[in-house]
Trainee: 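First, the structure itself, so that you have it in front of you.
One-based numbering along the sequence shown.
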Amino acid sequence: MNENIASEQYQGAPSVPEETTKSPQKLRAGKTSERPVFDAVVKTTKYLVLSLFLIYVVFPSVMKIYPRIQEKLIFLNFVCWPPFMDVTKPDELGLTGVRNFYLDVDEEITIGAWHLLPKSLIRNETLDFESKLSSGHPIFLYLHGSTGTRGGWHRVQLMKLLTSLDFHVVTIDYRGYADSTGHPSEDGVVDDSHFMYRWIKERSGASQVVLWGHSLGAAITTKLAKRLCEEGVDPHGVILESPFNNIRDAALSHPFAAPFQHIPFYKKLILDSVAQNNVFFTSDENIAAVKSPVIIMHAEDDLVIPYDLGLKLYKSAQQNRPEGSGPLQFVPLKASFGYGHKHIFQAPELPEIIKNFLGTCKRK
């Protein structure tokens, strides 16, 4: 009886609110569990503010104070992949009938070069390469773009294609690239290319000599072609692969420039200061003096140098080249093909395009 009364009294006792029953340890644990979320938000905010400060304040200021950094970002000669490639051994890249050699442009500059023979001449590896330049086979002076070396994978694949079509290929690394001495500049890399072209012409006899430039190399090629035409020694033909119209538009359109597109003073602060190093690469102006046959090829899905910039260069050539200049052609490559910036060499129609273009290039 007493037990039942005691039990009823216990069961009917007023309930104590749950929160008052929590121990001090549990209360502290609840507060602690909320703290990491707050700390994470604060930390993320700090990193975001710091990143924005670096992108929009520090980086533009450094570019303005030290414009030579921009020059390095244009040429990117310090970027090399794979990093330990030995350009003195082109045979290890799957090339045959190739010679590695060096030329002294002047007392301070020595450039590294390759000469690849047409497939029909690859019989004896000890043959005199220089004498074969007058064999009558067309000769391509290939001028590569920024970063890397003459041994870059996509560059080697194009060289293999050209030699399989029975053409000579001569290519160089400009000053400051790979095993060439010195430091690159706009006039410097054009001087190196000009020296190489004249060296070829002294040995080519009646063979056609055609310039082929890719990306930044297309800008170098256009300026070289202008110089040669002004000297009265027009190249037989000029092929521009994935070119841009001028370095300002190329820099504005580059993926790396995306964070700066909304800075009101970006053009003035960053791009205009490039001129302090005499880096212009105004291909849309230079092409006006090129009288040789010209073909421009550009993939619609090029994310490095937009297709529109190649089209702008073509339209500049249409409007400004002198009367009596050689044929001008623009070859668009559909985005669905997936050639992007570096893989036009994979286009199955490319051999036919090249052969047809050579047909428009008169021998001199």
Trainee: Measure up the F167 and F140 rings against each other and bin them: parallel (under 30°), tilted (30 to 60°), perpendicular (over 60°).
Mentor: tilted
Trainee: Evaluate the salt bridge (Lys or Arg N to Asp or Glu O under 4.0 Å) criterion for residues D187 and K223: first the C-alpha distance (whole Å), next the side-chain angles of each, then the deciding distance (0.1 Å), finally the verdict.
Mentor: CA-CA 9 Å; D187 289 336; K223 190 165 184 177; 3.2 Å; yes
Trainee: Could you check whether any side-chain heavy atom of M85 comes within less than 4.5 Å of a side-chain heavy atom of L93, counting everything from C-beta outward?
Mentor: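 Counting from C-beta outward, M85 and L93 do come under 4.5 Å.
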Trainee: Is there side-chain contact between P351 and L161, with heavy atoms separated by less than 4.5 Å?
Mentor: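 The answer is yes; the side chains approach within 4.5 Å.
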Trainee: Just by distance, do the side chain of R321 and the backbone of G326 share a donor-acceptor pair under 3.5 Å?
Mentor: yes
Trainee: Checking I239 against I296 for the side-chain contact (heavy atoms from CB on, under 4.5 Å) test, could you report, in this order, the C-alpha distance in whole Å, the side-chain angles of both residues, the deciding distance, and whether it holds?
Mentor: CA-CA 6 Å; I239 298 177; I296 298 173; over 6 Å; no
Trainee: Do L313 and F244 pass the side-chain contact (heavy atoms from CB on, under 4.5 Å) test, and can you show the C-alpha distance, the side-chain angles, and the key distance before you say yes or no?
Mentor: CA-CA 7 Å; L313 180 61; F244 53 78; over 6 Å; no
Trainee: How close do A288 and P322 get, counting heavy atoms only, and between which atoms?
Mentor: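 So the minimum-distance heavy-atom pair works out to O-CD, 2.9 Å.
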Trainee: For G217, does its backbone N or O pair with a side-chain atom of T221 as donor and acceptor, under 3.5 Å?
Mentor: yes
Trainee: Are the side chains of T96 and D91 in touch, meaning some heavy atoms are under 4.5 Å apart?
Mentor: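 The answer is no, as the side chains (C-beta and beyond) never meet within the 4.5 Å cut-off.
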Trainee: Examine distances only and state if a side-chain atom of E186 and a backbone atom of F281 form a donor-acceptor pair shorter than 3.5 Å.
Mentor: yes
Trainee: Between K119 and D166, which heavy-atom pair has the shortest distance, and what is it?
Mentor: N-OD1, 3.3 Å
Trainee: For a quick test of reading the model, state the closest non-hydrogen atom pair linking S283 to T222 and the distance between them.
Mentor: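 Here S283 and T222 meet closest at O-CG2, 3.8 Å.
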Trainee: Are the side chains of N245 and Y314 in contact, using a 4.5 Å heavy-atom criterion?
Mentor: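 Not touching, per the 4.5 Å side-chain cut-off.
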Trainee: So which atom in I287 and which in V294 form the shortest heavy-atom distance, rounded to 0.1 Å?
Mentor: CD1-CG1, 4.4 Å
Trainee: How about L311 and H298: do any of their side-chain heavy atoms sit closer than 4.5 Å?
Mentor: no
Trainee: Go through the side-chain N and O atoms of H168 and S207 and say whether any donor and acceptor fall under 3.5 Å apart.
Mentor: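 Side-chain D/A pair, H168 to S207: absent.
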Trainee: Report the C-alpha separation of I295 and V331 in whole Å, then their side-chain angles, then the decisive distance to 0.1 Å, and conclude whether the side-chain contact (heavy atoms from CB on, under 4.5 Å) test is met.
Mentor: CA-CA 7 Å; I295 184 169; V331 178; 3.8 Å; yes
Trainee: Distance-only, no hydrogens or angles: does the D173 side chain make a donor-acceptor pair with backbone N or O of S180 under 3.5 Å?
Mentor: no
Trainee: Which value, rounded to the nearest 0.5 Å, describes the distance between S242 atom OG and I305 atom CD1?
Mentor: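 It is 6.5 Å, given to the nearest 0.5 Å.
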Trainee: Report the C-alpha distance between H194 and L228 in whole Å, list the side-chain angles of each, state the deciding distance to 0.1 Å, and finish with yes or no for side-chain contact (heavy atoms from CB on, under 4.5 Å).
Mentor: CA-CA 8 Å; H194 183 265; L228 294 172; 3.7 Å; yes
Trainee: With a 4.0 Å cut-off, would you call E231 and R198 a salt bridge?
Mentor: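 Looking at R198 together with E231, the answer is yes, because their closest N to O distance falls below 4.0 Å.
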Trainee: Please determine whether the number of non-hydrogen atoms from other residues, nucleotides or ligands lying under 6.0 Å from atom NZ of K160 exceeds 12.
Mentor: yes
Trainee: Hey, do the aromatic rings of F357 and W212 have their centres closer than 6.0 Å?
Mentor: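 Centroid separation for F357 and W212: 6.0 Å or greater.
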Trainee: Taking C-beta and beyond as the side chain, do W114 and P90 meet within less than 4.5 Å on heavy atoms?
Mentor: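 Yes, side chains in contact.
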Trainee: Treat each ILVMFWY residue as a node, draw an edge where side-chain heavy atoms are under 4.5 Å apart, and state whether Y102 and L116 are in one component.
Mentor: no
Trainee: If you look at every heavy atom in V238 and S292, which pair is closest and at what distance?
Mentor: CG2-CB, 4.2 Å
Trainee: When you check the gap from the basic side-chain N to the acidic O, do E285 and K226 get nearer than 4.0 Å?
Mentor: no
Trainee: Would you mind reporting whether H341 and S215 have side-chain heavy atoms less than 4.5 Å apart?
Mentor: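 The answer is yes; the side chains approach within 4.5 Å.
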Trainee: So, R175 and E108, do they make that salt bridge, N to O below 4.0 Å?
Mentor: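 Salt bridge: no.
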Trainee: Would you mind checking if E130 and R203 are paired as a salt bridge, meaning a charged N to carboxylate O distance below 4.0 Å?
Mentor: yes
Trainee: Given side chains that start at C-beta, do those of R227 and D191 come closer than 4.5 Å, heavy atoms only?
Mentor: yes
Trainee: Flag yes if more than 12 heavy atoms outside E349 fall under 6.0 Å of its CD atom; otherwise flag no.
Mentor: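 More than 12 heavy atoms, drawn from other residues, nucleotides or ligands, come within 6.0 Å of this atom.
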Trainee: Evaluate the ring planes of F129 and H115, with Trp represented by its six-membered ring, and classify them as parallel (under 30°), tilted (30 to 60°) or perpendicular (over 60°).
Mentor: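 Perpendicular: the ring planes of F129 and H115 meet at over 60°.
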Trainee: Within this structure, what is the CG-CE distance for the pair L95 and M159, rounded to the nearest 0.5 Å?
Mentor: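 Reported to 0.5 Å precision, the distance equals 7.0 Å.
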Trainee: About how many Å separate CD1 of I247 and OG1 of T282, when rounded to the nearest 0.5 Å?
Mentor: 10.5 Å
Trainee: Just by distance, with hydrogens left out, do T88 and D86 show a side-chain donor and acceptor under 3.5 Å apart?
Mentor: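 On atom types as modelled, these side chains qualify, holding a pair under 3.5 Å.
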Trainee: How long is the straight-line distance from CZ of F78 back to OG1 of T147, given to the nearest 0.5 Å?
Mentor: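 One finds 10.0 Å between OG1 of T147 and CZ of F78.
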Trainee: Looking at V209, V210, V169, which hits side-chain contact (heavy atoms from CB on, under 4.5 Å) with I139?
Mentor: V209
Trainee: Classify the angle between the aromatic ring planes of Y174 and H144 as parallel (below 30°), tilted (30 to 60°) or perpendicular (above 60°).
Mentor: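 Plane angle between 30° and 60°, so tilted.
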Trainee: Does the side chain of Q346 come under 3.5 Å of the side chain of H154 through a donor N or O and an acceptor N or O?
Mentor: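 No.
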Trainee: Does E300 reach the main-chain N or O of A335 with its side chain, forming a donor-acceptor pair under 3.5 Å?
Mentor: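 Flag set: sc E300 to bb A335 pair under 3.5 Å.
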Trainee: Atom CD1 of I109 and atom CG of L103: how far apart are they, to the nearest 0.5 Å?
Mentor: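 Here the rounded value is 13.0 Å.
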Trainee: Mind listing the closest non-hydrogen atom pair of Y142 and L158 along with its distance?
Mentor: CE1-CD2, 3.5 Å
Trainee: Indicate whether the side chain of T110 and that of D104 have a donor and an acceptor atom separated by less than 3.5 Å.
Mentor: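 Yes, because at least one side-chain N or O of T110 sits under 3.5 Å from a partner of the opposite role on D104.
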Trainee: So how far is it from L141 CG to I172 CD1, rounded to the nearest 0.5 Å?
Mentor: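 Reported value, rounded in 0.5 Å steps: 6.5 Å.
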Trainee: Any ion pair linking K315 and D284 (charged N to carboxylate O, less than 4.0 Å)?
Mentor: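 Salt bridge between D284 and K315, a charged N being under 4.0 Å from a carboxylate O: no.
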